[in-house]
Amino acid sequence: MSERTQVAIVGAGPAGLLLGALLHRHGLESVILEARSREYIEARIRAGVLEQGTVDVLREVGVGERMDREGLVHSGIYLRFDGSSHHIPMSELTGGRSVMIYGQTEIVKDLVAHRLQTGMPLRFECHAVTVDRLSSDQPVVRYSQGGTDHELECNIIAGCDGFHGVCRGAIPADVLHVWEREYPFAWLGILADVGPSTDELIYAQHEQGFALHSMRSLKVSRLYIQVEPDDDIANWSDQRVWDQLHARLASEGWELNEGPVLEKSITPMRSFVAEPMRYGSLFLAGDAAHIVPPTGAKGLNLAVADVTMLGEGLVEYFGSGSDAGLQEYSDRCLRRVWRAQHFSWFMTTMLHTNPRDDDYGRRLQRSQLDYVCSSQAAAASLAENYVGLPLTRASATALGNG
Ligand code: APR
Ligand code: PHB
């Protein structure tokens, strides 16, 4: 079976689905191929902090309605250590910018519903996906679905197939450069059927390990604790998780409300970047090209920034034939990717207990926390990165060139 489209999108995570919506809005055709089932991708629990820019793009493509109704706008975060809380008033420090708390799972549901409504192709359970003829302007994606082999010819392939996808591996090894760091810890996350015990997120540094109190709504809390990198979820009864949350989040006069645990899982932490993000007619976006540890809440937002820039380049390419936007795609994305890499590493090292650290390292960590909580300039830098820097062109290098 053979068919043709303008853009073949591999992967229906937030990156692939949003790119499909952006292209459709500009009258461009795409086919989205996803390895898993609809039920599977709509049930996966992932992150939930959206930068202002992410919120704007979702509204622009017409999937912002439920987010605007159910999402929670937050204008600050708390850093907690030594039993005291320090508020970082992000909006005040960034000229009024804020973040939206709305689960990635909900965004995926909204984008899938939107795609099906537009009638544009979204194919689930596609197996044995391969990409080929990448050096030509007529690349092809081959896959099998329901026992039938398919060939999808196109002009451009968007590799939005996540960290474990096939697209990144199709770039020749002598072209692809990879930077990677593994951390000596992981996050155990729970989703709990209980209203949050805080109005804004609490990031806690504690000698027994990092803890985070986040939320999905005014009725559902999302909480995390730092665990060993190879820890087994079977070691963690619900009560053991709550006990650690109580210990690490403890603060005078503050109480943590417990509730039934709806989901519990362990996520490894790594930093990863693949360069370049383009090879011929293949463009990588989102987790396919880069991973950040979740402490800075940047993973989803980076994926959205990538496809926003890719969408702009493709609209220009199919509209006027100019490939200027596509030419600068990789460099433009990577500037933002490396900023997010640094910020995520910074938040991670400032807040986690590193078993390999010495006393000197622990003193540095404490000094950094004190600085962020006592200097307006340091807090403003954290806030600016957390709410998200504006998208810039690759040529903007100096302050004021935005
Ligand atoms: N063929 C088709 N689809 C594939 C293949 C393949 N060979 N391999 C993986 N996929 C699918 C996955 O099943 C998944 O649905 O690609 C999708 C990739 O989605 P995500 O992993 O969610 O990645 P991305 O869309 O880049 O989203 C960015 O931000 O919060 C972070 O890591 C979090 O997923 C999040 C990411
Ligand atoms: C989440 O709510 O899942 C979450 C929030 C903040 C983070 C990471 C994850 O930094």
Side-chain angles (χ1 to χ4, degrees), residues 8-20 31-38 40-51 54 72 74 77 99-108 111-112 122-131 141-145 152 157-170 187 189-191 196 200-203 210-217 220-224 263 265 267-270 272 284-307 310 340 343-344 347-348 351 386:
I9 300 175
V10 185
L17 289 165
L18 180 60
L19 180 63
V31 174
I32 306 181
L33 306 174
E34 165 59 45
R36 304 285 193 155
S37 66
R38 178 178 180 184
Y40 182 90
I41 67 161
E42 291 191 347
R44 240 177 345 208
I45 306 292
R46 295 279 186 81
V49 178
L50 314 185
E51 295 174 0
T54 298
L72 307 170
H74 281 194
I77 56 169
V99 294
M100 174 87 86
I101 308 301
Y102 186 65
Q104 180 176 323
T105 312
E106 306 311 311
I107 297 178
V108 167
L111 283 165
V112 168
L122 167 53
R123 314 243 155 89
F124 292 105
E125 299 180 69
C126 298
H127 304 297
V129 177
T130 58
V131 296
V141 185
R142 299 193 183 90
Y143 65 101
S144 80
Q145 195 193 28
L152 175 60
I157 299 175
C160 303
D161 50 349
F163 186 65
H164 300 287
V166 295
C167 290
R168 187 178 65 249
W187 275 17
I190 59 167
L191 195 65
E200 293 178 334
L201 273 55
I202 305 169
Y203 289 81
F210 170 76
L212 168 61
H213 189 331
S214 180
M215 62 194 75
R216 285 292 172 272
S217 69
V220 175
S221 297
R222 178 79 172 145
L223 300 120
Y224 298 93
E263 195 259 359
S265 57
T267 320
M269 308 254 291
R270 68 156 66 83
F272 176 92
L284 301 179
D287 278 16
H290 42 72
I291 298 283
V292 284
T295 328
K298 287 287 162 251
L300 168 66
N301 294 295
L302 272 186
V304 169
D306 288 352
V307 295
L310 183 54
F343 178 65
S344 306
M347 289 288 280
T348 301
L351 291 163
Y386 195 92

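If you're wondering where the values come from, they're calculated on a predicted model, not measured in any experiment. Atoms within each ligand, like the ligands themselves, are counted from 1 in listed order. As a basis for the values below, the full set of heavy atoms in this structure was taken, side chains included, without hydrogen atoms, waters or symmetry mates.
When L17, V131, L302, D287 are ranked by how near their heavy atoms come to atom 36 (C) of ligand 1, first place goes to D287. In this structure, of G299, G13, P14, the residue bringing a heavy atom nearest to atom 27 (O) of ligand 1 is P14. Taking all heavy atoms of Q104, E125, R46, E34 into account, the minimum distance to atom 30 (O) of ligand 1 is reached by Q104. For atom 7 (N) of ligand 1, the choice among N301, I291, V166 with the nearest heavy atom turns out to be V166.
At a cut-off of 3.5 Å, with distance as the only test, no side-chain donor of Y40 or R38 sits close to an acceptor on the other residue. For the residue pair D287 and H164, no side-chain donor N or O sits within less than 3.5 Å of a side-chain acceptor on the partner.
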message = What verdict does the side chain to side chain contact (heavy atoms under 4.5 Å, CB included) test give for Q104 and L50, after you've listed the backbone C-alpha separation in whole Å, the side-chain angles of each residue and the deciding distance to 0.1 Å?
response = CA-CA 9 Å; Q104 180 176 323; L50 314 185; over 6 Å; no
ask   = For E263 and R222, what are the C-alpha separation, side-chain angles and deciding distance, and is it a salt bridge (Lys or Arg N to Asp or Glu O under 4.0 Å)?
value = CA-CA 9 Å; E263 195 259 359; R222 178 79 172 145; 3.3 Å; yes
Test log, rule side chain to side chain contact (heavy atoms under 4.5 Å, CB included), inputs M215 and V220 = CA-CA 6 Å; M215 62 194 75; V220 175; over 6 Å; no
key: side chain to side chain contact (heavy atoms under 4.5 Å, CB included) assessment of L302 paired with H290   = CA-CA 9 Å; L302 272 186; H290 42 72; 3.8 Å; yes
ask   = Can you check side chain to side chain contact (heavy atoms under 4.5 Å, CB included) on V129 and V141, steps first, answer last?
value = CA-CA 7 Å; V129 177; V141 185; 3.9 Å; yes
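Between R44 and ligand 1, an N or O atom pair is found at a separation short of 3.5 Å. Residue L300 has at least one N or O atom closer than 3.5 Å to an N or O atom of ligand 1. Looking at ligand 1, you'll find an N or O of A35 within less than 3.5 Å of one of its N or O atoms.
When heavy-atom distances to ligand 1 are checked against a 4.0 Å cut-off, V129 comes that close only through its side chain, counted from C-beta outward. With a 4.0 Å cut-off on non-hydrogen atoms, D161 touches ligand 1 through its backbone as well as its side chain. Of all the heavy atoms of A303, the ones lying under 4.0 Å from any atom of ligand 1 belong exclusively to the side chain.
Residues satisfying the side-chain hydrogen bond (donor to acceptor under 3.5 Å, both in side chains) test with Y102, not counting sequence neighbours, are R66, D110.
Rounding to the nearest 0.5 Å gives a distance of 5.0 Å between NE2 of H213 and CG of L223. A distance of 11.0 Å separates CG in L33 from SG in C160, rounded to the nearest 0.5 Å. Going from atom CG of L111 over to atom CD of E42 covers 10.5 Å, rounded to the nearest 0.5 Å.
In the vicinity of I41, heavy-atom distances shorter than 4.0 Å reach the ligand 1 atoms 15 (O). Heavy-atom proximity to V10, at under 4.0 Å, picks out these atoms of ligand 1: 1 (N), 2 (C). Near G165, with a cut-off below 4.0 Å to any heavy atom, the atoms of ligand 1 are 8 (N). The distance from ligand 1 to the heavy atoms of R36 drops below 4.0 Å at these ligand atoms: 13 (O). Taking every non-hydrogen atom of C160 and a distance limit under 4.0 Å, the qualifying atoms of ligand 1 come out as 16 (O), 17 (C), 18 (C). Close approach to G286 involves these atoms of ligand 1, each under 4.0 Å from a residue heavy atom: 26 (O). Interface atoms of ligand 1 facing L33, defined by a heavy-atom separation under 4.0 Å, are 2 (C), 3 (N).
Using a distance-only test at 3.5 Å, with no hydrogens or angles considered, a donor-acceptor pair links the side chain of N301 to the main chain of E51. Panel note: side chain T105, backbone R44; a donor-acceptor pair is recorded below 3.5 Å. At distances below 3.5 Å, at least one donor-acceptor pair connects side-chain atoms of D161 with backbone N or O atoms of C167.
Under the 4.0 angstrom criterion for non-hydrogen atoms, H127 is not in contact with ligand 1. C126 does not count as a contact of ligand 1, since none of its heavy atoms falls under 4.0 Å from the ligand.
The shortest contact between atom 25 (O) of ligand 1 and any protein heavy atom is with A15 N, 2.9 Å.
Judged by the 6.0 Å distance and 45° axis criteria, R123 is not positioned over the aromatic ring of Y143.
Aromatic ring orientation, Y224 versus W187: tilted (interplanar angle from 30° to 60°).
A distance limit of 4.0 angstrom between heavy atoms and ligand 2 selects the residues A47, G48, V49, W187, L201, Y203, L212, S214, R216, R222, Y224, P294, T295, A297.
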